[in-house]
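The structure displayed is predicted, hence computed values, not measured ones.
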2 protein chains.
Amino acid sequence: MQIVNEHRRKDIHNSDIPTVCAACEARHGGVCGTLTPDQLLDLSRHSTRRSIEPGREVIGQGETTDSYANIINGVVKLSKVLADGRQQIVGLQFAPDFMGRPFTRESALTAEAAVDTDICCFPRTVIDRLVSEAPGLEHRLHEQALKELDEARDWMLTLGRKTAQEKVASFLYIIATHIDPEKGTANEFDLPLSRADIADYLGLTIETVSRQITKLRKDNVIRIENSRHVTVPSLDRLMHVAGID
Amino acid sequence: MQIVNEHRRKDIHNSDIPTVCAACEARHGGVCGTLTPDQLLDLSRHSTRRSIEPGREVIGQGETTDSYANIINGVVKLSKVLADGRQQIVGLQFAPDFMGRPFTRESALTAEAAVDTDICCFPRTVIDRLVSEAPGLEHRLHEQALKELDEARDWMLTLGRKTAQEKVASFLYIIATHIDPEKGTANEFDLPLSRADIADYLGLTIETVSRQITKLRKDNVIRIENSRHVTVPSLDRLMHVAGID
DNA sequence: ACCCGCCTTTGATTTTGATCAAGTCGCCGA
DNA sequence: TCGGCGACTTGATCAAAATCAAAGGCGGGT
């Protein structure tokens, strides 16, 4: 099964016509924005909010997916594995991304929470029905797909052509720009990924990631506490090291 | 400018109501299938068929795009470059793919013909208008985006976690399965890419690509003539070398 | 046919990052 | 407070691919 830990379900009958998805409550830029109040109510009625602890699998590679979800907060890793166990993280999703694969029941990848993550789940039947009723919803999902495609292609450049040093700096830059979406770029943040996860994201080994982080620290590009909390004195400098022009 | 070589324009007034795009003529699985005969006529009237010679740029990174296109035959490379010139091919498009980036005027990548390629161009104004009139068209574009996303993520696994040998075998497998879409997988074909292009696609150097191709030949996984014409005795064997389970 | 230029191959050497192998740090529970 | 365990770091060595360098081959033009 894909959803791990049912947390609570908001009683939607307290609000008459919600202006946001009742289950999601706040910030959920996912799909709700394009719906009419009636459709939103419909969706809320079928939504479930869930909390997922780090390392817990949301959807396994090859399993059938019966739901979509908005990420309310937290970070989700999307990864693929080779038969012999080599693993590659092919994307990270942050709040308020929409997760799920329209128009196919089979998932080509594994989704796993990287940190404590809350998601708001919708059964696929409801989304599929709403898509056919509200053309704006398909447009919204289409834009999400295009955004993920752009990110994937940017990352291909990183994987194929950057040095270990540039890869690690690129990763830190991604986190700085995504971890706190309302603030935009942040120069202080906690890494949502372990060294092993970072290695899987960058196509490197744990040891190489560790060494490169040490090097960035020694070069005063970053400061680091508890191996997770990062401070970036100059984001321009970080970008430069990352090879981003 | 993005389109290079105007070839000819079909006189669409000869046919009354076309059942396929008149400019595209045959095989053009791109977008036409979802349109009504009237819309198809509309589209055909504004379409232009063009031929592009190898190495010719269709759309440059950072330029504004004023058109979409169906690939009628040939292969188009999509690539990104770093400031210092390092290049990564982030996707290949084959007939009958639809090319172009909905909802944004700025291209994040460079599109360039790999071999002699014919495309059928539509002005973005026409496509954007048809999208708002025909919901099926957006669905078609959405599916194209999802297909490209899947391919990009598969390739990220190749770039991040496979050896040079596996990368080259994976590339040959991609070509075998895409070069001739109506036949499905082919075990004899011409490579549409030079060694330099293959290297840019695989995140390797020319020399490494050449050595790995030589090794595949010596191991009897492939036969090769003129450095471009490839025969694959056993596609299963090739898949196995490519690390595809 | 011959030459020239480009693409490809092959060889020698170097470099980067992987692998193997110990530590160290920090956190949680006894 | 003390272990113990998991995550991270650091060091030594190795291997894969990059780089540097020099030939081949193939095709197009004269």
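Atom CD in B:E207 sits about 17 Å away from atom P in D:dG24, given to the nearest Å. Atom CD1 in B:I224 sits about 15 Å away from atom P in D:dG25, given to the nearest Å. If you take CZ of A:R211 and C1' of D:dT10, they are 7 Å apart, rounded to a whole angstrom. One atom, CG of A:L204, and another, C1' of D:dA16, lie 14 Å apart when rounded to the nearest Å. The nearest whole Å value for the distance from the CD atom in A:Q212 to the C1' atom in C:dT15 is 13 Å. Computed from coordinates, the B:N226 CG to C:dT8 P distance equals 12 Å when rounded to whole Å. Rounded to an integer number of Å, the gap from CG of B:L216 to C1' of C:dT9 is 15 Å. Here D:dA7 presents its C1' atom at 12 Å from CD1 of A:I213, a figure rounded to the nearest Å.
For B:A164, the listed nucleotide lying nearest its side chain is D:dA17; candidates were D:dA21, C:dG17, D:dA17. Out of D:dT9, C:dC27, C:dG17, the shortest distance to the side chain of A:I206 is found at D:dT9. With distances taken from any side-chain atom of A:T214 to the nucleotides C:dT19, D:dA18, D:dT9, the minimum falls on D:dT9. In the set D:dA18, C:dT9, D:dC8, the nucleotide with an atom closest to the side chain of A:S210 is D:dC8.
Here the closest heavy-atom approach between residue B:G243 and residue A:L82 is recorded as O-CD1, 3.9 Å. The two residues B:D200 and B:Q87 have their closest heavy-atom pair at OD1-O, 3.5 Å.
Looking at A:R217, its side chain never comes within 3.5 Å of a backbone N or O of A:R223 through a donor-acceptor pair.
When the side-chain nitrogen and oxygen atoms of A:T208 are compared with OP1 and OP2 of C:dA18, one or more of them lie within a distance under 4.0 Å. At the phosphate of C:dA18, OP1 or OP2 sits under 4.0 Å from a side-chain N or O atom of A:T205.
Mapping A:G203 and B:L193 onto DNA chain C via the closest heavy atom, the residue that lands nearer the 5' end is B:L193.
In this pair, A:Y201 and A:F171 present their aromatic rings perpendicular. The plane angle is above 60°, beyond the 30 to 60° band.
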side-chain hydrogen bond (donor to acceptor under 3.5 Å, both in side chains) between B:T163 and B:E166, intermediate numbers included: CA-CA 5 Å; B:T163 64; B:E166 290 169 327; 3.3 Å; yes

